[in-house]
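So the structure is just underneath, and the comments pick up after that.
In what follows, every heavy atom counts, from backbone to side chain, and hydrogens, waters and symmetry copies are set aside.
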Amino acid sequence: MTPDQWTIVGLAAGWSAVVGVVGLGVAYSLRRRSLRWGAAIVAIVGVGGFLAGLVATTRAMLVSDHDFRVVLLVSGVAGVVSLGFALVVAGAAVRWSRSLQEAARRLSDEWPGPETTMSAPAELASVSAELRRTSERLAESRDRERRLESSRRELVAWVSHDLRTPLAGLRAMTEALEDGLVDDPERYHMQMRAEVDRMTRMVDDLFELSQIHAGTLQLTIERVSLGDVISDALAGAGPVARARGVRLGGSVEEGAHVLADPRELSRVVTNLVMNAIRHTPFDGTVEVSGRLAGDVVEVAVRDQCGGIPDGDLARVFDVAWRGSDARTPEPGAATPGAGLGLAIVRGIVEAHRGSVAVSNEAPGCRFLVRLPA
């Protein structure tokens, strides 16, 4: 470029830079104000920088006064139009930001969240979408909290009832022994011991459930043979099954192993088997199977309970859930527990980063546990 051209470039750059620095200072001082101010300053600085450079160069080039006034007039009109458009865009941005502000304020309410289809820039639309997802997660959390609170109330009611009955029996037997009204003290002692053992198991279940909910359940992970776990569970449940006239069967895929806490995994299978026996009628069958399925191990327990109503399937693993009429033992059947067994199963399985589910498969139900292999 020629020296004259370099002079023009220097003048335009210098004056534009001065306007830009001044505009930057003004923008910084108004940084806490509305977006409208920011947009107006951007428009003014853009046009002002251009105008300053233009004025400096036209003066240097000795342009006539008439032409100079024309240039100023054109630049002024362009600046006003630019400022108007900037304010329109800023107004839209302010409305979008206020909409997001209202969305954030209402997240704690029972509210589905802001619409993600709002015609906002991509950044604001992504924020709106994230707020909606957060609102949905909060709604799920509130719903889960309500279910947990309902389960806690049911648990307190059931446990209070289950403890009141044996305690009343223990008190009656103790008073009878104290008054010497018992012909067979040994039989009373055996009944008292059985009631104490039942209450001890209930308290142990409550303690383990509290550990699960508090996230303090300690697991000792090791490589466990799935066949051994299922075999031990069936052997332990055998006397109960024979007493109720229920047949037990089991099959395990050869070489199936799982990384788990052997004691807690045994508790899972035992609880599921005992639950299946409790709800299977006389001369029914309970089947337990285990197999490898890719990178997970599956344990399935099938019973002949008659099925679970669809409305109750989602509650099966809730604390204190004892089942609908279809899964309530008939008079004379074994007394149901406090509704803790399946809740403990879910807690232990999830502590192992696994999952448990139930489905209806005629003539009963199928509980499926999936654990990382």
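Checking side-chain atoms of Ser231 against main-chain N and O of Gly227 turns up no donor-acceptor pair under 3.5 Å. Between the Arg370 side chain and the Val296 main chain, no donor and acceptor come within less than 3.5 Å of each other. Remark: the backbone N or O of Phe207 is paired with a side-chain donor or acceptor of Ser210 at under 3.5 angstrom. Looking at His279, its side chain never comes within 3.5 Å of a backbone N or O of Ile277 through a donor-acceptor pair. Side chain of Ser266 to backbone of Pro262: no donor-acceptor contact under 3.5 angstrom is found. Without hydrogens or angle criteria, Asp261 side chain to Glu264 main chain gives a donor-acceptor distance under 3.5 Å.
Using a 4.5 Å cut-off between side-chain heavy atoms of Ile, Leu, Val, Met, Phe, Trp and Tyr, with links allowed through other members, Val269 and Ile221 fall into the same hydrophobic cluster. In terms of hydrophobic clustering, with Ile, Leu, Val, Met, Phe, Trp and Tyr side chains grouped at heavy-atom distances under 4.5 Å, Ile230 and Leu368 are assigned to different clusters. The same ILVMFWY cluster, assembled from side-chain heavy atoms under 4.5 Å apart, contains both Leu219 and Leu371. Linking ILVMFWY residues whenever their side-chain heavy atoms come closer than 4.5 Å, directly or via other members, places Val356 and Ile212 in the same cluster. Val288 and Val240 end up in the same hydrophobic cluster when Ile, Leu, Val, Met, Phe, Trp and Tyr side chains are linked at under 4.5 Å.
The CG atom of Leu259 sits 13.0 Å away from atom CZ of Arg353, with the distance rounded to the nearest 0.5 Å. Here the CZ-OG1 distance, from Arg302 to Thr280, works out to 13.0 Å after rounding to the nearest 0.5 Å. Here the straight-line distance linking atom CE of Met192 with atom CE of Met190 works out to 13.0 Å at 0.5 Å rounding. Note that OG of Ser289 and CZ of Arg366 are 7.0 Å apart. Values are rounded to the nearest 0.5 Å. Here Glu287 contributes atom CD and Gln304 contributes atom CD; the two are 8.5 Å apart, rounded to the nearest 0.5 Å.
Between Ile308 and Cys365, the shortest heavy-atom distance links the atoms CG1-SG, 3.4 Å. Nearest approach of Pro239 to Ala235, heavy atoms of both residues: CD-O, 3.6 Å. The two residues Leu226 and Gly290 come nearest to each other via the heavy atoms CD2-CA, 3.8 Å. Val297 and His257 get closest at one heavy-atom pair: CG2-O, 3.3 Å. In plain terms, the two heavy atoms of Ala176 and Tyr188 that are nearest each other are CB-CE2, 4.1 Å. Between Gly250 and Leu234, the closest heavy-atom pair is CA-CD1, 4.0 Å.
Residue Asp183 qualifies as open at atom CG: its count of foreign heavy atoms under 6.0 Å is 12 or below. Annotation for Gln218: atom CD does not count as buried by contact number, only 12 or fewer foreign heavy atoms lying within 6.0 Å.
Contact check on Asp205 versus Arg267 returns a salt bridge, with a Lys/Arg side-chain nitrogen under 4.0 Å from an Asp/Glu carboxylate oxygen. One finds a salt bridge joining Glu298 and Arg291 here, because a Lys/Arg side-chain nitrogen approaches an Asp/Glu carboxylate oxygen to under 4.0 Å. Salt bridge absent: Arg278 and Asp303 never bring a charged side-chain N and a carboxylate O closer than 4.0 Å. A salt bridge links Arg193 to Asp197: one of the charged nitrogens lies within less than 4.0 Å of a carboxylate oxygen.
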*Test Asn360 against Asp310 for side chain to side chain contact (heavy atoms under 4.5 Å, CB included), laying out the working first.*
CA-CA 9 Å; Asn360 286 321; Asp310 293 339; 3.8 Å; yes
_Go through it in stages, so that I can follow the logic: the residues are Arg198 and Glu195, the test is salt bridge (charged side-chain N to carboxylate O under 4.0 Å, His left out), and I'd like the CA-CA distance, side-chain angles, deciding distance and then a yes or no._
CA-CA 5 Å; Arg198 189 164 76 89; Glu195 293 293 345; 3.7 Å; yes
*Could you give me the CA-CA distance, side-chain angles and deciding distance for Arg247 and Thr285, then say whether side chain to side chain donor-acceptor pair (under 3.5 Å) is met?*
CA-CA 5 Å; Arg247 296 183 297 274; Thr285 301; 3.0 Å; yes
*Report the C-alpha separation of Phe367 and Asn275 in whole Å, then their side-chain angles, then the decisive distance to 0.1 Å, and conclude whether the side chain to side chain contact (heavy atoms under 4.5 Å, CB included) test is met.*
CA-CA 10 Å; Phe367 287 82; Asn275 177 75; 3.9 Å; yes
_side chain to side chain contact (heavy atoms under 4.5 Å, CB included) for Ile344 and Arg346? Distances and angles first, verdict last._
CA-CA 5 Å; Ile344 290 174; Arg346 180 174 63 179; over 6 Å; no
_Between Arg171 and Thr174, is the side chain to side chain contact (heavy atoms under 4.5 Å, CB included) condition met? List the steps._
CA-CA 5 Å; Arg171 181 173 182 175; Thr174 302; 5.7 Å; no
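Each of Leu342, Leu313, Asp312 was evaluated against Val358; a single residue qualifies, Leu313, per the side chain to side chain contact (heavy atoms under 4.5 Å, CB included) test.
Contact of the Val268 side chain with the Val369 side chain is registered, since non-hydrogen atoms from C-beta on lie closer than 4.5 Å. Looking at Pro185 and Leu177, their side chains come closer than 4.5 Å, going by heavy atoms from C-beta outward. Contact annotation: the side chain of Ile348 never approaches that of Asn271 to less than 4.5 Å [non-hydrogen atoms, C-beta and beyond]. Contact annotation: the side chain of Glu140 never approaches that of Leu138 to less than 4.5 Å [non-hydrogen atoms, C-beta and beyond]. Contact check for Met199 versus Leu170: side-chain heavy atoms found under the 4.5 Å cut-off.
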